[in-house]
**Student:** 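Quick one: the structure is below, and I'll ask about it shortly.
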Amino acid sequence: MLKHLCKLVWNRKRVNFLITLEIFFSFLVVFAVTVLAVYYANNYRAPLGFQYENIWTIQLSQPRRAPGADSEAANLETAKRLLAALREFGEVESAAGASLGPYLHSDWTTDRKLKDGTRLSVGANQATDELADTLGLRLLRGRWFSKADDGVTHYKPVVINQLMARALFGDEDPIGKNTANTDDKGEKEEEERVIGVIEDFRSKGEFSDPRGVIFYRQNFTDAKSFPPEVLLARMRPGTRPELEEKIVARLESEAKDWSLKIKPMPQLRKAMHQEYLVPMAGFAIVAGFLLLMVALGLLGVLWQNVTQRTHEIGLRRAKGATRQRIYRQILGELLITASAGLLVGVLVVVQFPLLNLLGFATPRVYAISIAVSLAVIYAVTILCGLYPSRLATTVQPAEALHYE
């Protein structure tokens with residue numbers, strides 16, 4: 001039966017080639033949208049690493065000052081006062097300062113050299129001792145920064161996330177190990193000693209790609225530290241938004257020449273999610289319209305195909321072919337034609353990793369995307385072939401005798 005269907009498809013190769021081409025390009029578009037959707041869905045299920053409920057973010061813009069130690073010390077002292085003023089409010093359960101805050105666009109990227117000589121890109125941040133409690137960071141090993149780190153001068157205490165710990169040290173215990181790079185001359189930079197490991201931390205939100213993260217300690221008495229650019233406050237549940245104005249007014253009284261912008265973190269989260277989802281929705285709409293056009297095209301071609309083959313179908317009915325066999329024949333030819341286009345499409349997309357295209361997708365994401373795309377195209381193909389195949393079963397044997 002399969003051999004006979006393939007022969008029928010080959011005999012009508014000119015018409016079937018156009019159908020195959022449509023399905024091929026449709027598969028590529030559907031795959032591109034699907035791989036992004038599966039990638040984002042896979043990221044969304046991964047641990048976020050922090051809590052965002054009841055957290056308010058206060059972005060600080062420091063005034064421009066002439067460079068120098070005095071200006072840096074003045075900014076550090078002002079930031080310290082701002083953090084102390086924020087803690088005066090009874091609605092504030094915990095407050096911390098950091099260079100970067102979750103769901104903000106600013107970024108600080110560095111890298112570390114792995115044992116195999118490759119470089120691992122990691123996100124860096126500088127935070128105060130209260131950040132772990134404020135954001136609800138989950139410690140897996142060791143501890144967070146504390147007063148025990150005061151006076152330490154011969155190394156930098158750092159906290160890294162689990163992904164970075166595995167990349168640098170594998171299954172070894174990272175506590176007490178040095179994360180600093182070695183320069184081209186073989187000399188090591190200032191030692192960065194790991195004191196704690198946290199769960200994977202993704203400051204860009206649920207849809208972002210997990211990556212290595214390293215935290216440095218924000219110490220207001222250390223001249224090498226720079227002032228935090230974000231204050232984070234964990235508010236008591238049920239705190240009313242009207243408190244924002246009072247907080248801004250109090251902070252501005254401590255730093256009149258600084259600019260302050262306060263927003264609840266859930267609002268920042270919603271805005272960042274829209275930045276991911278809006279382009280994704282646009283791609284999905286384009287893919288949907290393309291599939292609709294392909295479906296209408298398939299429906300028209302198959303309808304015309306059945307009309308042109310009235311003589312052939314009538315002769316088959318005259319020789320004893322049942323309606324069910326005619327139905328399976330037309331639908332089988334369509335599936336074989338579609339399979340040819342999908343086979344070429346799969347052969348093309350499996351080359352993408354070799355060409356370093358869509359490198360963000362893991363093998364699991366890739367495999368799921370291919371399977372989902374195949375299922376979508378096959379589903380559309382079958383739906384488009386149901387009515388023309390059913391139409392072919394209505395051809396009567398006598399119609400073959402009147403066919404011109």
**Student:** Mind listing the closest non-hydrogen atom pair of Ala167 and Leu114 along with its distance?
**Tutor:** O-CD2, 3.5 Å
**Student:** I need the Asp129 CG to Phe145 CZ distance, nearest 0.5 Å.
**Tutor:** 8.0 Å
**Student:** Between Val194 and Pro174, what is the shortest heavy-atom contact and its length?
**Tutor:** CB-O, 3.3 Å
**Student:** In sequence, state the C-alpha distance, the side-chain angles, and the governing distance for Ile160 and Phe169, and then conclude on side chain to side chain contact (heavy atoms under 4.5 Å, CB included).
**Tutor:** CA-CA 12 Å; Ile160 62 178; Phe169 309 112; 4.3 Å; yes
**Student:** Quick one: NZ on Lys113 to CG on Leu120, what's the gap to the nearest 0.5 Å?
**Tutor:** 13.5 Å
**Student:** Are there over 12 heavy-atom neighbours, none belonging to Arg166, within less than 6.0 Å of that residue's CZ?
**Tutor:** no
**Student:** Could you list the residues that satisfy salt bridge (charged side-chain N to carboxylate O under 4.0 Å, His left out) with Asp133, not counting sequence neighbours?
**Tutor:** none
**Student:** What I'd like to find out is whether the side chain of Ser208 reaches to under 4.5 Å of the side chain of Asn43, using heavy atoms alone.
**Tutor:** no
**Student:** Any idea which heavy atoms bring Ala338 and Thr381 closest together, and the distance?
**Tutor:** CB-CG2, 3.8 Å
**Student:** Check the angle between the aromatic planes of Tyr276 and Phe207 and answer parallel, tilted or perpendicular using the 30° and 60° thresholds.
**Tutor:** tilted
**Student:** Please determine whether the number of non-hydrogen atoms from other residues, nucleotides or ligands lying under 6.0 Å from atom CZ of Phe89 exceeds 12.
**Tutor:** yes
**Student:** Within the distance-only criterion (no hydrogens, no angle test), does the side chain of Lys204 pair as donor or acceptor with the backbone N or O of Leu104 below 3.5 angstrom?
**Tutor:** yes
**Student:** Measuring only between side-chain heavy atoms, which start at C-beta, is Leu131 closer than 4.5 Å to Gln126?
**Tutor:** no
**Student:** Rounded to the nearest 0.5 Å, how far apart are CG of Asn161 and CZ of Phe215?
**Tutor:** 8.0 Å
**Student:** Would you compute the distance between atom CG of Leu342 and atom CD1 of Ile370 and round it to the nearest 0.5 angstrom?
**Tutor:** 11.5 Å
**Student:** If the condition is ring-ring contact (aromatic ring centres under 6.0 Å, His included), which residues does Phe24 pass it with, not counting sequence neighbours?
**Tutor:** none
**Student:** Just how far is it from atom CD of Glu130 to atom CH2 of Trp144, taken to the nearest 0.5 Å?
**Tutor:** 10.5 Å
**Student:** Whether the Ser121 and Arg119 side chains hold a donor-acceptor pair (N or O, under 3.5 Å, no angle test) is what I'd like checked.
**Tutor:** no
**Student:** Check the surroundings of atom NZ in Lys80: do more than 12 heavy atoms from other residues, nucleotides or ligands lie under 6.0 Å from it?
**Tutor:** no
**Student:** Tell me if the aromatic rings of Phe50 and Tyr103 count as close, with their centers under 6.0 Å from one another.
**Tutor:** yes
**Student:** Could you give me the CA-CA distance, side-chain angles and deciding distance for Asn219 and Asp150, then say whether side chain to side chain contact (heavy atoms under 4.5 Å, CB included) is met?
**Tutor:** CA-CA 8 Å; Asn219 189 350; Asp150 289 344; 4.2 Å; yes
**Student:** Please check if the number of heavy atoms outside Asp171 that lie under 6.0 Å from its CG is greater than 12.
**Tutor:** no
**Student:** Where the side chain of Arg234 meets the backbone of Thr134, is there a donor-acceptor pair that is under 3.5 Å apart?
**Tutor:** yes
**Student:** Gln51 and Met265: which non-hydrogen atoms are nearest, and at how many Å?
**Tutor:** O-SD, 4.3 Å
**Student:** Decide yes or no on side chain to side chain contact (heavy atoms under 4.5 Å, CB included) for Val33 and Met280, but give the supporting numbers first.
**Tutor:** CA-CA 7 Å; Val33 175; Met280 188 69 201; 3.7 Å; yes
**Student:** So which heavy atom on Tyr216 is nearest to which on Ala124, and how close?
**Tutor:** CE1-CB, 4.2 Å
**Student:** Would you kindly say whether Thr179 and Glu192 are connected by a side-chain donor-acceptor distance under 3.5 Å?
**Tutor:** yes
**Student:** With distance as the sole test, does Asn125 use its side chain to make a donor-acceptor pair with the main-chain N or O of Ser99 at under 3.5 Å?
**Tutor:** yes
**Student:** So which of Leu243, Leu268, Leu232 actually passes side chain to side chain contact (heavy atoms under 4.5 Å, CB included) with Trp56?
**Tutor:** Leu243
**Student:** Considering only heavy atoms from C-beta outward, does the side chain of Met272 approach that of His105 to under 4.5 Å?
**Tutor:** yes
**Student:** Run the salt bridge (charged side-chain N to carboxylate O under 4.0 Å, His left out) test on Arg143 and Asp149 for me, step by step, so that the C-alpha distance in whole Å, both residues' side-chain angles and the decisive distance to 0.1 Å come before the verdict.
**Tutor:** CA-CA 11 Å; Arg143 61 177 178 84; Asp149 300 308; 2.8 Å; yes
**Student:** State, with a plain yes or no, whether a side-chain heavy atom of Tyr52 is found less than 4.5 Å away from one of Glu206.
**Tutor:** yes
**Student:** Just by distance, do the side chain of Arg269 and the backbone of Pro264 share a donor-acceptor pair under 3.5 Å?
**Tutor:** no
**Student:** Show your working on salt bridge (charged side-chain N to carboxylate O under 4.0 Å, His left out) between Arg236 and Glu91 and close with a plain yes or no.
**Tutor:** CA-CA 5 Å; Arg236 297 188 186 280; Glu91 293 85 353; over 6 Å; no
**Student:** Within the structure provided, determine whether Ile195 and Val159 are in side-chain contact (heavy-atom separation under 4.5 Å).
**Tutor:** yes
**Student:** Does any non-hydrogen side-chain atom of Ile58 lie less than 4.5 Å from one of Lys261?
**Tutor:** no
**Student:** In terms of heavy-atom contacts, does CD of Glu245 have more than 12 from other residues, nucleotides or ligands at under 6.0 Å?
**Tutor:** no
**Student:** The test is side chain to side chain contact (heavy atoms under 4.5 Å, CB included); show your working for Arg250 and Lys246 and say whether it passes.
**Tutor:** CA-CA 6 Å; Arg250 176 67 182 91; Lys246 295 181 179 180; over 6 Å; no
**Student:** Sequence neighbours excluded, which residues qualify as side-chain contact (heavy atoms from CB on, under 4.5 Å) partners of Pro279?
**Tutor:** none
**Student:** Nearest 0.5 Å, please: how far is CZ in Arg81 from CG in Leu76?
**Tutor:** 11.5 Å
**Student:** Using a 3.5 Å distance criterion without hydrogens, assess whether the side chain of Arg87 forms a donor-acceptor pair with backbone atoms of Ala95.
**Tutor:** yes
**Student:** Any non-hydrogen side-chain atom of Arg211 less than 4.5 Å from a side-chain atom of Thr109?
**Tutor:** yes
**Student:** Identify the two heavy atoms, one from Leu48 and one from Gly205, that lie closest to each other, and give their separation to 0.1 Å.
**Tutor:** CD1-C, 3.8 Å
**Student:** Quick one: which of Tyr39, Phe352, Phe31 gives a ring-ring contact (aromatic ring centres under 6.0 Å, His included) with Tyr366?
**Tutor:** Phe31
**Student:** In the structure I gave you, are the side-chain heavy atoms of Arg202 and Asp209 within less than 4.5 Å of one another anywhere?
**Tutor:** no
